[in-house]
**Q** 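Starting off with a structure, shown below.
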2 protein chains.
Amino acid sequence: MRIGELSERTDTSRRLLRYYEEQGLIISSRSPNGYRNYEENLVDRVLQIRGLLDAGLPTRIIKQILPCLNKPRAIHFPDATPEMLATLTLERDRMTRRIDCLIRNRDAVSEYLDAVSGKRG
Amino acid sequence: MRIGELSERTDTSRRLLRYYEEQGLIISSRSPNGYRNYEENLVDRVLQIRGLLDAGLPTRIIKQILPCLNKPRAIHFPDATPEMLATLTLERDRMTRRIDCLIRNRDAVSEYLDAVSGKRG
DNA sequence: GTCGAGCCTCACACCGGTGTCAAGGTGGGA
DNA sequence: TCCCACCTTGACACCGGTGTGAGGCTCGAC
């Protein structure tokens, strides 16, 4: 599909899609006329990227993480250098801390909302 | 305590502490000489702010959330306007989605790491 | 052939979080 | 008294994610 369709289906501006490509997060083939061509699975990938970005990860980390997140994961391990594994481990731990922190605060907000809605009203 | 101590204890630059104050996330009294004075509990609060920022929330949202996260929560409900409750509800849901997304991806990374470490090595 | 929609690249601009530096006040110890 | 560490405000600058617009090409429909 072309960029317009991908843009609509992922609710992501064309600008951003080009940016993600520039950052190496997604790839596209080109038609003879220079138009980008996207595979069907890019839809999911873009949504995943958005989610990770929204979760606070920078593109350069996402770029490292994405290759591990493909479906037939166990089959074609990319060439995992020790540094990359270290980065991934580090990042996984960061994510865990982030998750814990988010959960704590989400629950606090939730409790608060419950309390407010439940009080004398 | 003064800004230097708070900075050390929270591992946060003085610059950022002033910025957080400027954004209304923390408050300080002033000594006659103009120096900022911080209460003991600011340490926890700053750490919480850092966590939320790191989790991807912008300061203006954190500012709204923080008042709900104080210890004697059930006691002094701040004046919760309907708009604010709506914002909080919205943000809570965003946090939940973020959490889910982070967990999914964290687990995927984790699985990948497990697979790599477990394969023929 | 021409018009419009969609695509291309390039570039400037914004905003939020943060670093850094300048110029200056404060205050305790040698 | 002087020095140094610490504080103040203010400004400029960066980086990453994103918007926007200019100038130009492509392609299908009329």
Side-chain angles (χ1 to χ4, degrees), chain A residues 1-39 42 45-66 87 91 94-95 98 101-102 105, chain B residues 1-39 42 45-66 87 91 94 97-98 101-102 105:
Chain A
M1 84 197 73
R2 283 181 309 182
I3 200 169
E5 184 181 345
L6 184 59
S7 168
E8 275 193 17
R9 289 176 62 184
T10 58
D11 197 28
T12 302
S13 71
R14 292 156 169 80
R15 171 71 173 86
L16 282 187
L17 293 175
R18 296 194 189 102
Y19 175 71
Y20 296 158
E21 179 171 339
E22 188 185 315
Q23 300 302 308
L25 300 185
I26 56 180
I27 50 176
S28 66
S29 55
R30 297 295 183 116
S31 298
N33 58 14
Y35 288 12
R36 288 172 176 80
N37 265 322
Y38 298 100
E39 300 290 332
L42 264 287
R45 172 164 283 229
V46 169
L47 292 176
Q48 194 168 30
I49 291 171
R50 304 277 304 179
L52 288 170
L53 275 176
D54 187 50
L57 277 69
T59 49
R60 92 177 176 287
I61 298 295
I62 296 176
K63 184 178 173 182
Q64 293 190 292
I65 288 179
L66 277 183
T87 301
E91 202 56 33
R94 286 170 60 88
M95 291 170 85
R98 224 185 293 259
C101 178
L102 265 174
N105 287 292
Chain B
M1 85 195 72
R2 283 181 308 182
I3 200 170
E5 184 180 345
L6 184 59
S7 168
E8 276 194 17
R9 289 177 61 184
T10 58
D11 197 28
T12 302
S13 73
R14 292 156 170 80
R15 172 70 174 85
L16 281 187
L17 292 175
R18 296 195 189 102
Y19 175 70
Y20 296 158
E21 179 171 338
E22 188 184 316
Q23 300 302 307
L25 300 185
I26 57 179
I27 50 174
S28 65
S29 55
R30 297 296 183 116
S31 298
N33 58 14
Y35 289 10
R36 287 170 176 83
N37 265 323
Y38 297 101
E39 301 290 332
L42 263 287
R45 172 164 283 229
V46 168
L47 292 177
Q48 194 168 31
I49 292 171
R50 304 278 302 181
L52 288 169
L53 276 175
D54 188 49
L57 277 69
T59 50
R60 89 177 178 285
I61 297 295
I62 297 177
K63 183 178 173 180
Q64 293 189 291
I65 288 179
L66 276 183
T87 301
E91 202 57 32
R94 286 170 60 87
R97 284 198 302 279
R98 227 185 291 259
C101 177
L102 265 174
N105 287 291

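Residue numbers start from 1 in every chain, and the chains themselves are labelled A, B, ... in the order their sequence lines are given, proteins ahead of strands.
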**Q** Answer yes or no: side-chain N or O of Arg36(B) and base N or O of dT8(D) forming a donor-acceptor pair under 3.5 Å.
**A** no
**Q** Excluding sequence neighbours, so at least two apart, what forms side chain to side chain contact (heavy atoms under 4.5 Å, CB included) with Glu21(A)?
**A** Ile26(A), Ser28(A), Arg30(A), Arg36(A), Tyr38(A)
**Q** Measure CG/Asp11(B) against C1'/dT18(C) and give the value in whole Å, please.
**A** 14 Å
**Q** For Glu21(A) and dC10(C), what is the distance between atoms CD and P respectively, to the nearest whole Å?
**A** 13 Å
**Q** Identify which nucleotide among dT26(D), dT18(D), dG19(C) has an atom closest to any side-chain atom of Asn33(A), counting heavy atoms from C-beta outward.
**A** dT26(D)
**Q** Does dT18(D) have OP1 or OP2 under 4.0 Å away from a side-chain N or O of Ser13(A)?
**A** no
**Q** For residues 9-17 of chain A, which side-chain donor-acceptor pairs fall under 3.5 Å, sequence neighbours excluded?
**A**
{"from": "Arg9(A)", "atom 1": "NH1", "to": "Glu5(A)", "atom 2": "OE2", "distance (Å)": "3.2"}
{"from": "Arg9(A)", "atom 1": "NH1", "to": "Glu40(A)", "atom 2": "OE2", "distance (Å)": "3.4"}
{"from": "Arg9(A)", "atom 1": "NH2", "to": "Glu40(A)", "atom 2": "OE2", "distance (Å)": "2.6"}
{"from": "Thr10(A)", "atom 1": "OG1", "to": "Leu6(A)", "atom 2": "O", "distance (Å)": "2.7"}
{"from": "Thr10(A)", "atom 1": "OG1", "to": "Thr12(A)", "atom 2": "OG1", "distance (Å)": "3.2"}
{"from": "Thr12(A)", "atom 1": "OG1", "to": "Thr10(A)", "atom 2": "O", "distance (Å)": "2.9"}
{"from": "Ser13(A)", "atom 1": "OG", "to": "Leu16(A)", "atom 2": "N", "distance (Å)": "3.2"}

**Q** Can you figure out which of dG17(C), dG25(C), dG17(D) approaches the side chain of Tyr35(B) most closely?
**A** dG25(C)
**Q** Atom OH of Tyr19(A) and atom P of dA11(C): how far apart are they, to the nearest Å?
**A** 17 Å
**Q** What contact category does Thr59(B) fall into here, base, sugar-phosphate, or nothing, at under 4.0 angstrom with non-hydrogen atoms?
**A** sugar-phosphate
**Q** How long is the straight-line distance from CG of Leu57(A) back to CD1 of Ile65(A), given to the nearest 0.5 Å?
**A** 5.0 Å
**Q** In whole angstroms, how far is the P atom of dT26(D) from the CD1 atom of Ile3(A)?
**A** 17 Å
**Q** Measure OH/Tyr20(B) against C1'/dG19(C) and give the value in whole Å, please.
**A** 13 Å
**Q** Whole-Å distance between dC7(D) C1' and Met1(B) CE?
**A** 16 Å
**Q** Is any side-chain heavy atom of Ile49(A) less than 4.5 Å from a side-chain heavy atom of Arg45(A)?
**A** yes
**Q** Could you check how far CD of Gln23(B) sits from P of dG16(C), rounded to whole Å?
**A** 8 Å
**Q** Under 3.5 Å, is there a donor-acceptor pair between the Ser29(B) and Asn37(B) side chains?
**A** no
**Q** Which residue lies toward the 5' end of DNA chain C, Arg15(A) or Tyr38(A), if each is placed at its nearest nucleotide?
**A** Tyr38(A)
**Q** Measure the distance from CD1 on Ile49(B) to P on dT18(C) and round it to the nearest whole Å.
**A** 11 Å
**Q** Of the options dT18(D), dC8(C), dG17(C), whose atoms approach the side-chain atoms of Pro58(B) most closely?
**A** dG17(C)
**Q** From dG17(D), dC7(C), dC7(D), pick the nucleotide closest to the side chain of Arg2(A)?
**A** dC7(C)
**Q** Which nucleotide wins on minimum distance to the side chain of Arg14(B), given the candidates dC7(D), dG17(D), dC7(C)?
**A** dC7(D)
**Q** So which nucleotide from dG17(D), dT9(D), dC6(D) ends up closest to the side chain of Arg30(B)?
**A** dT9(D)
**Q** Can you tell me which nucleotide in dG17(C), dC7(C), dC12(C) comes closest to the side chain of Arg18(A)?
**A** dC7(C)
